[in-house]
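Working notes, beginning with the structure itself.
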There are 2 protein chains.
Amino acid sequence: MLTERQRLILTAIVDDYISSAEPVGSRSISKRGDVGYSPATIRNEMADLEELGFLEQPHTSAGRIPSHKGYRYYVDHLVRLDDLSKEEVHRLKSMFAEKITAMEQVVQHTASTLAQLTNYTSIALGPGMFDTTLRHFQLLPLTEDTAVAIIVTNTGHVENKTVAIPPGISTSELDKVVNLLNTKLTGVPLIKLRSQLYKEIGDEMNKYVSHAQEMILLVETVLSGDEAHREVYLSGTTNMLNQPEFKDVDRIKTIWELLEETPALIKVIGSPGGEGQGTGIQVRIGQENTHAAISNCSLITATYSVHGQNLGTIGLLGPTRMEYAKVINLMQQVSQQLAVFMERYHK
Amino acid sequence: MLTERQRLILTAIVDDYISSAEPVGSRSISKRGDVGYSPATIRNEMADLEELGFLEQPHTSAGRIPSHKGYRYYVDHLVRLDDLSKEEVHRLKSMFAEKITAMEQVVQHTASTLAQLTNYTSIALGPGMFDTTLRHFQLLPLTEDTAVAIIVTNTGHVENKTVAIPPGISTSELDKVVNLLNTKLTGVPLIKLRSQLYKEIGDEMNKYVSHAQEMILLVETVLSGDEAHREVYLSGTTNMLNQPEFKDVDRIKTIWELLEETPALIKVIGSPGGEGQGTGIQVRIGQENTHAAISNCSLITATYSVHGQNLGTIGLLGPTRMEYAKVINLMQQVSQQLAVFMERYHK
DNA sequence: GTTAGCACTCGACAACGATGAGTGCTAACG
DNA sequence: CGTTAGCACTCATCGTTGTCGAGTGCTAAC
């Protein structure tokens with residue numbers, strides 16, 4: 001599709017623009033060592049590349065900048081994953097070397113390290129509840145009419161909620177209910193908890209406990225909210241402000257509002273998009289993103305999973321002019337390490 | 001100190017500047033109904049007020065803006081707390097009317113409502129651990145070598161951590177330890193947990209359990225981190241971007257970095273500052289704030305407490321040009337409501 | 001096929017002047 | 001004597017103009 005020379009020049013332009021953030025002219029490309037042609041020749045090729053849709057001109061007599069199509073081609077065919085620095089490798093590995101590591105903490109920590117290494121904003125979507133099962137349920141009275149309910153999943157995730165106790169229920173009755181729930185519901189996938197609750201438990205509870213209706217309602221309030229509730233960790237949000245493309249307050253505002261709105265964010269990071277190089281790494285460039293607020297951003301995501309079951313996602317958000325080589329490489333490393341960790345953890 | 005007319009004019013200027021964000025001239029003050037003097041007279045008074053340090057002039061032939069001293073005087077002596085709108089009162093009250101309410105959720109919810117009502121950024125410092133005591137301790141094995149440890153306090157706060165189990169310890173031994181801890185440590189203030197752990201438990205544990213040393217270390221890792229660890233909730237961070245004084249990206253960046261850094265933020269919001277009107281409400285104007293990043297912001301904080309014991313703080317951060325009347329009023333309401341709630345909750 | 005040369009385009013930037021809001025001062029008024 | 005009208009002066013803002021230079025597209029020569 002493209003000649004070797006065109007690919008060379010396109011690579012040079014994208015690389016240049018990524019590091020300078022300014023339209024790149026034929027002269028500056030020619031001056032670089034790696035393209036041995038005169039500015040005039042390069043100009044001709046640039047004109048062709050523009051006609052093909054790989055480059056854009058902000059205005060006549062400015063240099064060229066890569067278009068979406070240009071970035072996409074660059075990511076799919078041109079980008080060369082150069083080696084990570086020793087420090088980067090070290091920091092990534094050391095993260096997984098720590099002994100005491102809860103799944104969520106690892107994800108969170110990974111995201112934060114990524115943000116520091118790249119100077120972009122990282123978004124981590126915590127492990128979902130898909131294949132997690134109930135490990136333990138507990139109800140601890142606090143005052144006469146309130147109690148704190150605790151749910152622990154087999155992944156070590158702890159969810160808690162303060163609830164009101166219907167009046168007229170004794171402590172022993174509460175204990176009975178909790179015992180019943182634990183024996184009957186332990187091992188049940190969280191998403192099936194509610195249906196199971198009605199199917200199996202309702203009858204038995206009526207036998208043992210008065211106020212059965214209230215109790216079921218109580219348990220329901222505890223379980224509700226868990227399904228849609230997934231933790232989102234942000235890190236390095238201020239990094240965005242260093243990028244010249246975000247010197248405009250309005251643009252920041254729209255992006256920030258997106259970042260603050262968890263449900264929308266989950267949708268953005270979770271929806272499928274263009275494939276990048278390597279396994280499980282997705283690269284979404286500019287308008288490929290579903291949300292308008294980040295239509296001039298690129299989002300690179302890696303999913304982590306156990307036994308082929310997708311658990312969550314880690315993403316890096318930056319301007320379309322992103323250091324793809326470095327970021328893709330980092331994400332691949334992270335993805336691998338996470339896979340190993342999860343496998344070991346889930347055993 | 002100031003004549004009645006000077007106070008009137010100062011009030012008018014501050015009010016005007018708060019709503020317009022632009023230097024206010026003598027003419028515009030004269031035009032308002034509430035000050036019945038000609039621009040010339042007002043100019044004379046303004047000159048005097050400037051000399052006294054209450055006003056500043058950005059440059060010659062611009063209007064005046066209030067200085068720190070001006071704001072301070074305004075807050076201390078001039079501001080008139082006009083009534084809150086029905087909607088505001090309603091939203092505040094309804095927040096505390098919900099039946100199922102954990103302490104932390106209430107604080108969080110309050111902060112978020114405040115941010116919405118005021119269009120400023122709210123910062124809530126969750127309940128500290130000062131007078132909270134251990135309610136329950138639990139250790140749930142997840143895999144062969146990991147377990148999730150759960151601590152519940154008498155306030156309903158739940159803290160959890162995944163820990164590694166030293167190899168060679170049986171489940172029954174774990175149970176023994178947990179039981180021992182619960183019987184011995186329940187009711188002990190969290191801050192004293194560690195010392196108590198050594199004093200009372202060490203000996204007994206040696207009797208019952210082998211691997212006592214490892215177990216103590218394990219329990220210690222769970223308890224560590226809790227003391228300094230206080231939740232900070234932010235809400236309405238993007239509101240800041242609406243203010244004209246923050247159209248500059250650099251300024252946003254420094255503030256945002258402060259907001260992201262929890263320890264610094266705790267220090268800022270926790271340190272004592274100038275008193276405002278009413279009980280427990282503090283108003284820190286501009287440089288009165290300890291942190292340079294918010295030296296042109298005002299921070300209004302209200303503390304909530306039980307039995308005179310200070311538990312936490314809720315603050316509103318905005319430009320020095322803040323709607324003090326509204327915000328102080330809101331904060332007073334919130335402070336009162338919170339006090340009532342806490343009293344009822346802590347009973 | 002590649003390159004040098006040249007006219008042309010267009011944003012960035014500085015200089016300039018007009019505009020208008022606001023002041024400070026002085027003199028007049030009740 | 002306090003208050004006000006009038007007036008000259010200041011200074012930021014904004015639109016205009018002109019220069020500068022980076023970069024292009026085209027043509028002709030190598």
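Just so we're on the same page: letters track the sequence lines, and every chain starts at 1.
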Strand DNA chain D in bracket notation, Watson-Crick/G-U under 3.5 Å with | for pairs to another chain: ||||||||||||||||||||||||||||||
With B:S112, which residues qualify under side-chain contact (heavy atoms from CB on, under 4.5 Å), at least two apart?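 Result, side-chain contact (heavy atoms from CB on, under 4.5 Å) vs B:S112: B:Q116, B:S235.
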A:L259 vs A:I123, side chain to side chain contact (heavy atoms under 4.5 Å, CB included): CA-CA, chis, key distance, verdict: CA-CA 9 Å; A:L259 292 182; A:I123 307 167; 4.1 Å; yes
Between atom NE2 of B:H291 and atom CD1 of B:I255, what is the distance when rounded to the nearest 0.5 Å?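 Rounded to the nearest 0.5 Å, the NE2-CD1 separation comes out at 10.5 Å.
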May I ask you to list the residues of residues 33-46 of chain B, by number, that have any heavy atom positioned under 4.0 Å from an atom of DNA chain D?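 Heavy-atom cutoff 4.0 Å gives B:Y37, B:S38, B:A40, B:T41, B:R43, B:N44.
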Within [range], residues whose heavy atoms come under 4.0 Å of DNA chain C:
{"range": "residues 54-64 of chain A", "result": "A:H59, A:T60, A:S61"}
{"range": "residues 2-23 of chain A", "result": "A:R5"}
{"range": "residues 244-251 of chain B", "result": "none"}

Could you check if a side-chain atom of [X] sits within less than 4.5 angstrom of a side-chain atom of [Y], using non-hydrogen atoms only?
{"X": "B:D76", "Y": "B:R72", "value": "yes"}
{"X": "A:S298", "Y": "A:Y120", "value": "no"}
{"X": "A:E88", "Y": "A:Q333", "value": "no"}
{"X": "B:N239", "Y": "B:T118", "value": "no"}
{"X": "B:L2", "Y": "B:L52", "value": "yes"}
{"X": "B:M46", "Y": "B:L55", "value": "yes"}
{"X": "B:E288", "Y": "B:V283", "value": "no"}

Which residue pairs satisfy the salt bridge (Lys or Arg N to Asp or Glu O under 4.0 Å) criterion with at least one member in residues 236-249 of chain B, sequence neighbours excluded?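 For residues 236-249 of chain B, and leaving out neighbouring residues, the salt bridge (Lys or Arg N to Asp or Glu O under 4.0 Å) pairs sorted by first residue read B:E245-B:R321.
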Pairs satisfying salt bridge (Lys or Arg N to Asp or Glu O under 4.0 Å), at least one member in residues 52-61 of chain B, at least two apart: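 Sorted result for residues 52-61 of chain B: empty, none.
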Quick check on A:R91: does its CZ atom have over 12 non-hydrogen neighbours (other residues, nucleotides or ligands) under 6.0 Å away?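 Yes - once you tally the heavy atoms of other residues, nucleotides and ligands closer than 6.0 Å, there are more than 12.
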For A:E4, check salt bridge (charged side-chain N to carboxylate O under 4.0 Å, His left out) against everything at least two apart and list the hits.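 Applying salt bridge (charged side-chain N to carboxylate O under 4.0 Å, His left out) to A:E4 gives A:R7.
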Run the salt bridge (charged side-chain N to carboxylate O under 4.0 Å, His left out) test against A:D34 and tell me which residues pass, sequence neighbours left out.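 Salt bridge (charged side-chain N to carboxylate O under 4.0 Å, His left out) check on A:D34 returns A:R32.
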Of all pairs that satisfy ring pair (Phe, Tyr, Trp, His ring centres under 6.0 Å), the ones with a partner from residues 32-72 of chain A, not counting sequence neighbours: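 Residue pairs passing ring pair (Phe, Tyr, Trp, His ring centres under 6.0 Å), neighbours aside: A:F54-A:Y73, A:Y71-A:Y324.
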5' to 3' on DNA chain C, which nucleotides open and close the contacts with chain A (atom under 4.0 Å from a heavy atom)?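 Result: C:dT2 to C:dG11.
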Can you confirm whether the side chains of A:T237 and B:E260 place a donor and an acceptor under 3.5 Å from each other?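 Side-chain D/A pair, A:T237 to B:E260: present.
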